[in-house]
Amino acid sequence: MKFLHLADLHLGKRVNDISMIDDQKFVIEQIVDLVNEEIDTVLISGDIFDKSIPNTQALELFGDFLKRLNDTKTNIFIISGNHDNSQRLSYLNPLLKKANIFISDNFEGKIQSIQVDNDICIHLMPYLNPMIIKNYYPNLDSNDYNAAIKKVLDSITIDRKKINILLSHQFVSTKGIILSDSEQKSVGGVDSVDYGLFEKFDYVALGHLHCPQKAGLDKIRYSGSILKYSFSEINQKKKFTIFEFDKDKNLKLSYKDIIPKHDLVRYRGYLDQFLDEKFYSKIKVDDYIHFILLDNNLFDAKKTLSAIYPNIMILEFDNEYTRQKGFTLKNDYTKEKTIYNHFLDFYKTQIGLSIDSKKKEIVREIINASS
């Protein structure tokens, strides 16, 4: 059986106030084609949507995606991520299960385990934090992520004769893990859990971090997001993660590049350089671009550049004036900074201290509910 591991679709997301919906449709076409060609089971490890209350376009895209996957007769397993509302995502579960589409239920103290055939068991662990888990384990320390996740994982019954696959949406810490601006990481890593907690599984399909990478062991992996959702991700190569097992339960991994409709790119130089056909004839001018201009005394550079480059996301100036002042001048038709980060800065300015993890969770929930 061949598996496709996906995560962090973030359907409905806007990057620098530009909708990614057409870019997401473009990648979904590739997913459906790949599943038709060679995949038996699709795993999607959370953050299906970018908002807990998705917009109509995102809902319609997800519904169409599920229908097309179901038409291929594959098994589909999905968990909710920290951007999703688990109750909304799972409300059609009784109907969807009849179509071999399994979405994690709202957590009520234990993890769903689903038998695929006689040899494989798939465990669905949605995004969890200590505050959620403590409702079912009252003696738990609500600030100890590691202990909370361990308590849940220990409750899962493992049959060692079978292949056990876990879907999880957590920040799993290990040396060299790659983060991007799209992920929220608490100060000091208090929301991280140790990869050693997951060693009993034959494969752990992780979501949450946007760079495709292993988390300590080859069998514990982030598939990464399907698109670059931040300029901190411009050097990441997005890939489809495919895996299978041989008769001795040995894991075999393979990858296929995801082809974006528009890439996120950054160019640094002078305006005349970017207006020269010798430069722009060699690149995709409709990519999402972050320009850093070194010129002094430019007037209306964005309008001039937009005649050639229709999808400028960020335009910054790094010149004598900005260097004297110690900053780069950014045209703020960009919105890189999230409401959440603005609030953290505001809190620290007003109170004089960084906000603690419990309050952070409350702030996240309020922002997600109002988005």
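To the nearest 0.5 Å, atoms CG (Leu305) and CD1 (Ile289) are separated by 8.5 Å. Atom-to-atom distance recorded for Asp246:CG and Leu251:CG is 9.0 Å, nearest 0.5 angstrom. The NZ atom of Lys13 sits 12.5 Å away from the CG atom of Asn55 when rounded to the nearest 0.5 Å. Interatomic distance, NE2 of His262 versus CG of Leu227, reported as 11.0 Å (0.5 Å rounding). Note: Leu197 CG to Leu166 CG = 11.0 Å, rounded to the nearest 0.5 Å.
For Tyr288 and Asp23, the side-chain atoms include at least one donor-acceptor pair closer than 3.5 Å. For the 3.5 Å distance criterion, the side chains of Asp287 and Asn311 fail to qualify, holding no donor opposite an acceptor. Of the N and O atoms on the side chains of Asp47 and His208, not one donor lies less than 3.5 Å from an acceptor on the other residue. Between the side chains of Gln236 and His210, no donor-acceptor pair of N or O atoms lies under 3.5 Å. Side-chain contact of Asp40 with Thr74: a donor-acceptor pair under 3.5 Å is absent, judged by distance alone.
Within the 3.5 Å criterion, the main-chain N or O of Tyr229 finds a donor-acceptor partner in the side chain of Glu233. The closest donor-acceptor contact from the side chain of Asp84 to the backbone of Ile48 lies under 3.5 Å. Under a 3.5 Å cut-off, the side chain of Asn319 and the backbone N or O of Leu294 do not form any donor-acceptor pair. Between the side chain of Asn70 and the backbone N or O of Ile101 there is no donor-acceptor pair closer than 3.5 Å. Asp117 places a side-chain N or O within donor-acceptor distance of the main-chain N or O of Asp119, the cut-off being under 3.5 Å. Remark: side-chain polar atoms of Asn93 are paired, donor with acceptor, to backbone N or O of Ile103 under 3.5 angstrom. At least one donor-acceptor pair under 3.5 Å links the side chain of Asp144 to the backbone N or O of Asn146. For Asn296 (side chain) and Glu320 (main-chain N/O), a donor-acceptor pair under 3.5 Å exists by modelled atom type. Judged by distance alone, with hydrogens and angles left aside, the side-chain atoms of Gln112 form a donor-acceptor pair with the main-chain N or O of Asp105 at under 3.5 Å. Although no hydrogens or angles enter the test, the distance criterion places no donor-acceptor pair under 3.5 Å between the side chain of Ser86 and the main chain of Ser80.
Less than 6.0 angstrom separates the ring centroid of Phe291 from the ring centroid of Tyr309. Ring to ring, Phe107 and Tyr136 are close: their centroids are under 6.0 angstrom apart. For Phe49 and Phe62, the distance between ring centers is under 6.0 angstrom.
Summarising the local packing, NZ of Lys249 is surrounded by more than 12 heavy atoms from other residues, nucleotides or ligands at distances under 6.0 Å. For Lys150, the NZ atom is loosely surrounded, since the number of other residues' heavy atoms within 6.0 Å does not exceed 12. The environment of NZ in Lys151 is sparse: at most 12 heavy-atom neighbours from other residues, nucleotides or ligands sit within 6.0 Å. When the shell of 6.0 Å around NZ of Lys110 is examined, it contains 12 or fewer heavy atoms from other residues, nucleotides or ligands.
Ring geometry for Phe245 against Phe3 counts as perpendicular: the plane angle is over 60°, on a 0 to 90° scale with 30° as the lower cut. The aromatic rings of Phe279 and Tyr267 lie perpendicular to each other, with more than 60° between the two planes, well past the 30° mark.
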- Derivation and outcome, side-chain contact (heavy atoms from CB on, under 4.5 Å), residues Leu128 and Gln170: CA-CA 7 Å; Leu128 297 173; Gln170 301 292 152; 3.8 Å; yes
- Task: Please report the C-alpha distance between Tyr195 and Ile177 in whole Å, then the side-chain angles of each, then the deciding distance to 0.1 Å, and finally whether the side-chain contact (heavy atoms from CB on, under 4.5 Å) criterion is met.
- Result: CA-CA 11 Å; Tyr195 76 89; Ile177 206 78; over 6 Å; no
- Item | Verdict with reasoning, Phe201 to His123, per ring-ring contact (aromatic ring centres under 6.0 Å, His included) | CA-CA 10 Å; Phe201 298 97; His123 311 276; 5.7 Å; yes
- ring-ring contact (aromatic ring centres under 6.0 Å, His included) assessment of Tyr203 paired with His5: CA-CA 10 Å; Tyr203 186 86; His5 171 195; 5.7 Å; yes
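No side-chain heavy atom of Leu4 sits less than 4.5 Å from a side-chain heavy atom of Phe243. The closest side-chain heavy-atom distance from Ser223 to Pro212 is not below 4.5 Å. Side-chain atoms of Tyr340 and Leu344, non-hydrogen and from C-beta on, do get closer than 4.5 Å to each other. Side-chain atoms of Ile18 and Met313, non-hydrogen and from C-beta on, do get closer than 4.5 Å to each other. Side-chain contact between Ile314 and Phe231: present, with at least one pair of heavy atoms (C-beta onward) separated by less than 4.5 Å. At a threshold of 4.5 Å between non-hydrogen side-chain atoms, the residues Val193 and Phe198 count as touching. Put simply, the side chain of Val204 does not reach to within 4.5 Å of the side chain of Lys219, judged on heavy atoms. Between Asp257 and Lys238, the closest side-chain pair of non-hydrogen atoms is not below 4.5 Å.
The minimum heavy-atom distance between Leu153 and Lys200, with the atom names listed, is O-NZ, 2.7 Å. Residues Leu209 and Asp8 share a closest heavy-atom pair of O-OD2, 4.0 Å. Among all heavy-atom pairs drawn from Lys162 and Asp202, the shortest one is O-OD2, 3.5 Å. Minimum interatomic distance between Pro130 and Tyr145 (heavy atoms only, all atoms of both residues): CD-CE1, 3.4 Å. Nearest heavy atom pair, residue Met20 against residue Val15, reads CG-CG2, 3.7 Å. Taking each heavy atom of Tyr127 and Glu361 in turn, the nearest pair found is OH-OE2, 3.5 Å.
Residues Phe26 and Leu69 do not share a hydrophobic cluster, defined by chaining ILVMFWY side chains whose heavy atoms lie under 4.5 Å apart. Hydrophobic clustering (ILVMFWY, side-chain heavy atoms < 4.5 Å, transitive): Ile78 and Leu124 are in distinct clusters. Cluster annotation: Val27 and Leu59 are assigned to the same hydrophobic cluster (Ile/Leu/Val/Met/Phe/Trp/Tyr, side-chain heavy-atom contacts under 4.5 Å, transitive). Hydrophobic clustering (side-chain heavy atoms under 4.5 Å, transitive across Ile, Leu, Val, Met, Phe, Trp, Tyr) keeps Ile156 apart from Ile163. With hydrophobic clusters built from ILVMFWY side chains whose heavy atoms lie under 4.5 angstrom apart, Leu34 shares a cluster with Leu66.
The pair Asp17-Arg14 counts as a salt bridge, with a side-chain nitrogen and a carboxylate oxygen less than 4.0 angstrom apart. Between Asp218 and Arg221, at least one side-chain nitrogen of the basic residue sits less than 4.0 Å from a carboxylate oxygen of the acidic one, meeting the salt-bridge criterion. Under the 4.0 Å criterion applied to side-chain N and carboxylate O atoms, Arg68 and Glu29 are assigned as salt-bridge partners. Checked for salt-bridge contact, Glu38 and Lys256 meet the test: a charged N lies under 4.0 Å from a carboxylate O. Taking the charged nitrogens against the carboxylate oxygens, Asp356 and Lys359 do have a contact shorter than 4.0 Å, which makes a salt bridge. Checked for salt-bridge contact, Arg323 and Asp318 meet the test: a charged N lies under 4.0 Å from a carboxylate O.
Of the residues Ile178, Thr174, Leu206, the one that meets the side chain to side chain contact (heavy atoms under 4.5 Å, CB included) test with Gln213 is Ile178.
A cation-pi arrangement is found for Lys239 relative to Tyr255, the charged atom lying closer than 6.0 Å to the ring centre and inside a 45° cone about the ring normal.
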